[in-house]
Amino acid sequence: MNGPNQTYRDHPILVGAEKCLEILFPDQESRPSIRSFRKWQAQGYLPYLKVGRRTFFDPEQVRLALSRRFTIHAKSAP
C-alpha cells in the first residue's frame, strides 16, 4: 500500500498554462509568451485536460507535442 508521503511516478503532473511554460522554458528571457502558448492550445498543437473552465497540462506531453510540431531536421549533405 502507498503511504501518504509516497509519490505516484506513473501519473502525470498536471499544471496550469503559466506553470507549464515555467517548467518547459526555465529561462524567462527565451520563454514564449502566455499568449503564444494559448494560441498553440487553440490551434490544437498542445494536449490538455479541461475540467470545468480550467485547463491543465502535463508538461511531459506538451514537451513531446512541441518537439513533434516545431522540430526542424537538418538536411543531409549530398
Side-chain angles (χ1 to χ4, degrees):
M1 296 197 70
N2 293 328
N5 294 328
Q6 287 185 313
T7 59
Y8 297 97
R9 301 244 182 242
D10 297 336
H11 299 288
I13 295 172
L14 300 176
V15 295
E18 290 184 21
K19 185 66 175 178
C20 190
L21 274 172
E22 289 175 20
I23 292 169
L24 295 175
F25 299 94
D27 180 23
Q28 189 173 3
E29 291 182 20
S30 63
R31 183 181 304 154
S33 68
I34 189 69
R35 186 175 181 175
S36 293
F37 191 81
R38 291 293 189 186
K39 183 177 178 184
W40 298 338
Q41 177 188 356
Q43 292 174 328
Y45 298 170
L46 309 176
Y48 62 95
L49 296 169
K50 190 152 180 85
V51 180
R53 294 180 142 186
R54 304 237 10 225
T55 54
F56 297 95
F57 301 87
D58 175 357
E60 257 183 63
Q61 293 299 314
V62 172
R63 168 78 171 88
L64 291 172
L66 288 173
S67 289
R68 282 192 301 266
R69 183 75 182 176
F70 295 109
T71 296
I72 299 171
H73 298 283
K75 295 180 182 178
S76 59

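Being a predicted model, the structure only gives us computed values, none of them experimental.
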With heavy-atom distances below 4.5 Å as the criterion, would you say the side chains of Trp40 and Pro32 are in contact? yes
To the nearest 0.5 Å, what is the distance between [atom1] on [X] and [atom2] on [Y]?
| X | Y | atom1 | atom2 | answer |
| --- | --- | --- | --- | --- |
| Lys19 | Leu14 | NZ | CG | 14.0 Å |
| Leu46 | Asp58 | CG | CG | 12.0 Å |
| Arg63 | Phe25 | CZ | CZ | 8.0 Å |

Taking atom CD of Gln28 as the centre, report whether more than 12 heavy atoms of other residues, nucleotides or ligands fall under 6.0 Å from it.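 Counting other residues, nucleotides and ligands, CD of Gln28 stays at 12 neighbours or fewer.
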For Arg31, does the CZ atom have more than 12 heavy-atom neighbours from other residues, nucleotides or ligands under 6.0 Å away?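 Enclosed.
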Criterion side chain to side chain contact (heavy atoms under 4.5 Å, CB included) on Arg38 and Thr55, from CA distance to verdict: CA-CA 10 Å; Arg38 291 293 189 186; Thr55 54; 3.0 Å; yes
Please say yes or no: joined through hydrophobic side-chain contacts below 4.5 Å, possibly via intermediate residues, are [X] and [Y] part of one cluster?
| X | Y | value |
| --- | --- | --- |
| Val62 | Ile34 | yes |
| Phe70 | Ile23 | no |
| Tyr45 | Leu66 | yes |

Nearest atoms (heavy-atom pairs only) where Pro59 meets Ile13: CD-O, 3.2 Å
Sequence neighbours excluded, which residues qualify as salt bridge (Lys or Arg N to Asp or Glu O under 4.0 Å) partners of Lys39? none
What pairs with Glu60 under salt bridge (Lys or Arg N to Asp or Glu O under 4.0 Å), at least two apart in sequence or on another chain?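 Here no residue qualifies.
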Indicate, with yes or no, if the rings of Phe37 and Phe57 have centres closer together than 6.0 Å. yes
